[in-house]
Amino acid sequence: MIVNRNRVVQTITAHPDEFAEVRNPGYIYPPVEYYPLAPRIHRPETLKAAMMDMDGTTTTTEVLCIHSLEYMVRRMSGLLEKHDWEGIDHHADLPFIIGNSTTRHVEYLLTKYKSLIRHEAVAKAFSEAAWWTLRHGNDDQRKAEVIQNLRKTGMADEVNKLSASDISIDLSGLLMSQLLTGDFTLLVSLGIDIYYETYHRILALLSSGNTAQVRLLVFGDAHASGHLISPMPGITFLLPLLKGWLGDEAHRLAPLLFEDYRRSTGKEVDERRKNILIKRLNELSLTFERQPAKLGLVTSSIFYEADIVIRQVMQVLAETIAASGLSEARKQNIIEACNDYHHWYDAFVTASDSNEIRLKPHRDLYSIALHKAGLLPPDFSEVIGFEDSQSGTVAIRAAGIGCCVAVPFAQTKGHDFAAATHIAHGGIPEVIIDHNLYLKS
Ligand SMILES: [Mg+2]
């Protein structure tokens, strides 16, 4: 139906006050889109569902991403070992290489470590990355981008050769003249391909159970302790709570939540308050046992990445539950559910369910998740959404969820969370302990 401007104005006037203005990339028409935002709901009566982001909210892949970014610089400089180059400056560089787009991260590092980059090393590293991505990669979008870069550098003929070859073909000769032009945009494009190759190789190792090899790559020691992918604080408590799986045993998992609270807020819960909280957590838990909330994971990562990452999260979750004070029967149930994340998630929505041009802050991924979880617009007032980024909070509200909680991650602290209904700097533990999940009491 075609309508005139008056009709549009009428419709818009009927909407509540707030709209999000979303700017599209230069190649999209129209340049700007407006989304009416769901009216803010500060305290829902009950919770039918919780929708949440993956990276920075449910888990962090920080360790792997930082390693892959540093390794990108190593490969583009040929300084592969620690005695060749100390590595990135964690203190100074971290704020610029986490929580933004991959392009931004790569641009930052290639600018900062410009003097280390050598054309021959870049050419060699890109040859390897292009070959691995086309030959062994699992992500069609990555393949398409590598092909695009090969075309851009006049190597369209090499695509089939690389895809068919069992060993990497050195494209250095063909690439060198392009690199000598000093085109920074080209260098960044190649850097992105090199970065993703490392990251996806690591994910492939993790997915085939080669954790020791990944530890060796990332920590320099196959037996190093520490998780490669960890749930964010509070997640190990929140997820089974919402599913109703803690029943009358929430108090047995509470010490874990108190510890996470201390980690993310820097504050201790004093003993007197603990007793009151435990009573309340048990009540909350019984409520969810009677009526479990649906759970949705909504991420701008592609399925290939999210699938592997969430499987790892489930492994850590199972280990933590096994070591907890829950009864054996309850442990068994939860650990079994960890074997397949579909037992947890009623909707598991990734960038692969949509397209690059429709990711957050557009509402699409959240709308798909709400639909997959079987929720209709009248239910949205009983949904809570969690995000650690600006674009994510806009997407939640634009999808019709009025109770949007920003849980800023160390690296997204500086984001503008104007779209969020609540901002919980202490993350999920603060949301549960200090605000009782923002439920109307
Ligand atoms: Mg995030």
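Computed from a prediction, not measured in an experiment: that's the story for all the values here. Whatever order the structure lists them in is the order used to number ligands and atoms, beginning at 1.
By the 30° and 60° cut-offs, the orientation of the rings of His136 relative to Trp132 is tilted.
We find that Arg358 and Glu33 are joined by a salt bridge, their nearest charged nitrogen and carboxylate oxygen being less than 4.0 Å apart. Between Glu128 and Arg201, no side-chain nitrogen of the basic residue sits less than 4.0 Å from a carboxylate oxygen of the acidic one, so the salt-bridge criterion is not met.
Inspection of the Gln291 and Thr46 side chains reveals no N or O donor paired with an N or O acceptor under 3.5 Å. For the residue pair Asp388 / His415, no side-chain donor-acceptor distance below 3.5 Å is found, with atom types taken as modelled.
Taking a cut-off of 2.8 Å, the protein N, O or S atoms nearer than that to the Mg ion (ligand 1) are Asp53 OD2, Asp55 O, Asp388 OD1.
Counting only residues at least two apart or on different chains, the salt bridge (Lys or Arg N to Asp or Glu O under 4.0 Å) pairs with a member in residues 280-291 are Lys279-Glu283.
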